[in-house]
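What follows is a set of notes on a single structure, which appears directly below.
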Amino acid sequence: MDDKFLEPYDHKATEARIYKEWEESGYFNPDICIEKGVTAPDAEPYTIMMPPPNATGVLHMGHALMLTIEDILVRYHRMNGRRTLWLPGTDHAAIATQSKVEKEISKKEGKSRHDLGREELVRRIEEFVEDSRSTIRSQIRVMGASCDWSREAFTFDEPRNRAVRTIFKMMYDDGLIYQGNRIVNWDPKGQTTISDDEIVHEERVTKLYTFKYSPDFPISISTTRPETKVGDTAVAVHPDDPRYKEYVGKEYDMVFAGVPIHIKIVADEEADPAFGTGALGVTPAHSQADWAIADRHNLPRPQVINEFAKMTVGGPELLGKKTTEAREVIVSWLREQNLLEKEEDTKQNISTAERTGGVVEPLPKLQWFIDVNKKISARGNRSLKELMRDAVAGEEKDGPIRIVPEHFSKTYFNWINNLRDWCISRQIWYGHRVPVWYRGDEMYCGVEAPEGAGWEQDPDTLDTWFSAGIWTFSALGWPEKTEDLKIYHPTHVLETGYEILFFWIARMILMTEYALGEVPFKTIYLHGTVRDGQGRKMSKSLGNGIDPLDIAEKFGADAGRMALIAGTAPGTDSKISEDKIKGYKHFANKIWNITRFVLSNTENIPSEEPALSEKDAAHVKELETLCREVTADLEAYRLHLASEKIYHYIWHTFADVIIEEAKPRLLGADAADKLSCQWFLREALLTSLQLLHPFMPFVTEEIWKSARWPNLSPVLMVEKWPKG
RNA sequence: GGGCGAUUAGCUCAGUUGGUAGAGCAACCCGUUUACACCGGGAAGGUCGGGGGUUCAAGUCCCUCAUCGCCCACCA
């Protein structure tokens, strides 16, 4: 017996060394597994694309949970003989990364992005991203993730860049990507558009003002944003509202707060007779809803607020003022003119930009969009929205993709049903540049820049989810027709947090169905949010975050992994505390001690199965049942149950019952019974280590290597899975 | 406003297709024996949020009420 078993298990002296040995063995790479004969050349593939962490810094507990779940699945399938690929990567996370680096530069050097210029800013960001990526790589290693580093990809490296330009061109040629002047969510702080999904709503108390544009205007309206009213072109009333019927169709010219306005009274279902006065002042250029009303009634849409949230009309008291100041100016003007009828407190959800916290200003702008409703002839005359809907199994449809837990399919369909065209252009500098060039009135879209002089590329970059959407196949080399793409796509499981079901998962389905005509993955496994011991979200401001690296250092990555997965059902939030993790550190030591006992009692016994006593035959049956149950749980994504069953068997059956009962038998005079007992002790240990390996890979591998059992694979990671 | 989920032992949560209620932690009693005090043995603890229904049988399926939470949304 190796002397190290005489001491308690030391994760610090073990984990990094074992990871290095795995890496050097090459077994993370499925090709090498075939080469070395541990995987059959014709084995069925099993693929997971790692959701690429944002290159904005360090990994948190959510990433640790993601890596744990995926590594369990990957190690299980690898042991089960599948040609297993887990492809790691990082995401350039355009807007998140740029705003992070901009903040740092502004803090350290007091410079803005305009002081540096586009090229210099991008260079600085790339530097930061390189650092960040190498930190992330080492953190992924600490967690024990058995991913294939030889295939590592980055959403913004050259092959992925090319993939983005290629699919953009395809969609442009198919008329799915179009440029449109539409109302978009403008972030005045970040100076860019953002998608609907990058908005967070904050409830605030604000004033609701009720007033008339002028003394001779017949209808009063209510608004929370008086400053936008200089951009009004209509008042909408409900078609059935008897109070206003007589005015519908009439037009009025007035001067409102020094700005001439022309108002038409229109009848529109959008106006709610029960809200306020039942009449709605229509500001087409600065409200999504009003833009739509203007569409229906063919109204002009003057813009009165600019990209810096400042007024672009009015006299000196208004022009150039911030919207918040302009509001004061207009309210006092209304008071002076005796036009203000009511002023009341109301609760309002205001839209803010997730990344910068800026208050979103709806503005009409020329942007690039993806049309989700246009029929695509090459895809059975279905639209992108229909492709997304048809791909998923649920009450509405019975598509090929299954979501775990199932109830999230309802959320998914609900989102699809409300989906609008996707604005993909951003006015930030870090990201995939829109592959469109202009020269005078000419416009060119292509994978490469056009020939000839005088072409200017569109300055906009693409929403980071555009490149993330093609991840499952771009990371495998698309648009090249690579072997990897042929073998490993569609992937098997997409495992990620439920909070990015819409952002990312839905977009991957959209892009993959469009580009390849197949699903990106067969199963979506959603995990919940990892919270602190009291159930609060971990955050910097609360200071309650737990760093996975600290956990690995203090208790071992194995213990952290078990604590994350045990009792954590798919899709539900979980709580983690040091007490829980400590319990699993003790468990690692427990199996270490079990090994000490078994090894010291089974030296030099033959490896063939002897005649088993009745008791041991029953133990074998019990162990086989465990193997079957654990296997079934893993196949059905019940990882939390699988982990608990193994834990329970090892501690409370193997250690507490089988070993205790073995002690007198090992001292007894019955040689046949002793041999049977010894053989089963070893058998139970071997099987326990195999079953536990996906969950606690380090300690199990260390035991396996140090024990040096004859006739067994020297590396547990590629030992056969015990099916029972 | 629309959608989704939760409510089970003191705490944190499991409970797969309906078949005698489970784990971890905490608390209680006892214990150092071929591994392990990062331990073992034992006992205690729940009318599964309330009400109704389906069924031979319901924590599990259906209806309803209550409380809490999350997501989405252009009520000005």
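Note: hydrogens, waters and symmetry copies are ignored here, and every other heavy atom, side chains too, is used.
The existence of a salt bridge linking R301(A) and D295(A) is confirmed by a sub-4.0 Å separation between a basic side-chain nitrogen and an acidic carboxylate oxygen. A salt bridge links E702(A) with K4(A); the closest basic N to acidic carboxylate O contact falls under 4.0 Å.
Sorted by first then second residue, the side-chain hydrogen bond (donor to acceptor under 3.5 Å, both in side chains) pairs that include residues 678-689 of chain A, not counting sequence neighbours, number zero.
Residues satisfying the ring-ring contact (aromatic ring centres under 6.0 Å, His included) test with Y584(A), not counting sequence neighbours, are Y647(A). Every residue meeting the side-chain contact (heavy atoms from CB on, under 4.5 Å) condition with D670(A), not counting sequence neighbours, appears here in chain and number order: A672(A), D673(A). Taking the side-chain contact (heavy atoms from CB on, under 4.5 Å) definition, one finds that D196(A) meets it with N185(A), R420(A), sequence neighbours left out. K207(A) pairs by the side-chain contact (heavy atoms from CB on, under 4.5 Å) definition with Y209(A), E343(A), D345(A), not counting sequence neighbours. Partners of D573(A) under the salt bridge (charged side-chain N to carboxylate O under 4.0 Å, His left out) rule, at least two apart in sequence or in another chain, are R531(A).
Remark: N593(A), I594(A), R596(A), F597(A), N601(A) in residues 591-603 of chain A come within less than 4.0 Å of RNA chain B through at least one heavy atom.
Between the side chain of D558(A) and the backbone N or O of V699(A), at least one donor-acceptor pair lies under 3.5 Å.
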Protein and nucleotides 17-21 of chain B: nitrogen or oxygen contacts under 3.5 angstrom:
none

Under 3.5 Å between N/O atoms: give me all the protein pairs with nucleotides 4-12 of chain B, atom names plus distance.
{"residue": "U12(B)", "atom": "O3'", "partner": "K575(A)", "partner atom": "NZ", "Å": "2.8"}

Dump every N/O contact between nucleotides 72-74 of chain B and the protein below 3.5 Å, one line per pair.
{"residue": "A73(B)", "atom": "N6", "partner": "N349(A)", "partner atom": "ND2", "Å": "2.7"}
{"residue": "C74(B)", "atom": "O2", "partner": "E270(A)", "partner atom": "OE2", "Å": "3.4"}

Write out a two-atom table: protein N or O, nucleotide N or O from nucleotides 22-33 of chain B, distance below 3.5 Å.
{"residue": "G24(B)", "atom": "OP1", "partner": "H652(A)", "partner atom": "NE2", "Å": "3.1"}

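Judged purely by distance below 3.5 Å, without hydrogens or angles, the side chains of S613(A) and R665(A) pair a donor atom with an acceptor atom. For the 3.5 Å distance criterion, the side chains of E227(A) and H286(A) fail to qualify, holding no donor opposite an acceptor.
For the C1' atom pair drawn from G41(B) and U32(B), the interatomic distance equals 12 Å after rounding to whole Å. The C1' atoms of C63(B) and U54(B) are separated by 11 Å, rounded to the nearest whole Å.
Distance check, rounded to the nearest 0.5 Å: CD1 of I69(A) to CD of E495(A) gives 4.0 Å.
Toward the 5' end of RNA chain B, the nearer of the two residues L641(A) and A655(A), judged by each one's closest nucleotide, is L641(A).
The side chain of H640(A) sits closest to A14(B) out of A14(B), G40(B), C38(B). Among A76(B), C39(B), G41(B), the nucleotide with an atom closest to any side-chain atom of K590(A) is C39(B).
Where RNA chain B pairs in unbroken runs of 3 or more (Watson-Crick or G-U, both distances under 3.5 Å), the stems are B:1-7 with B:66-72, B:10-13 with B:22-25, B:28-31 with B:39-42, B:49-53 with B:61-65.
Contact between G281(A) and Y213(A) at its shortest, heavy atoms only, is CA-OH, 3.6 Å. Among all heavy-atom pairs drawn from A566(A) and S643(A), the shortest one is CA-OG, 3.6 Å.
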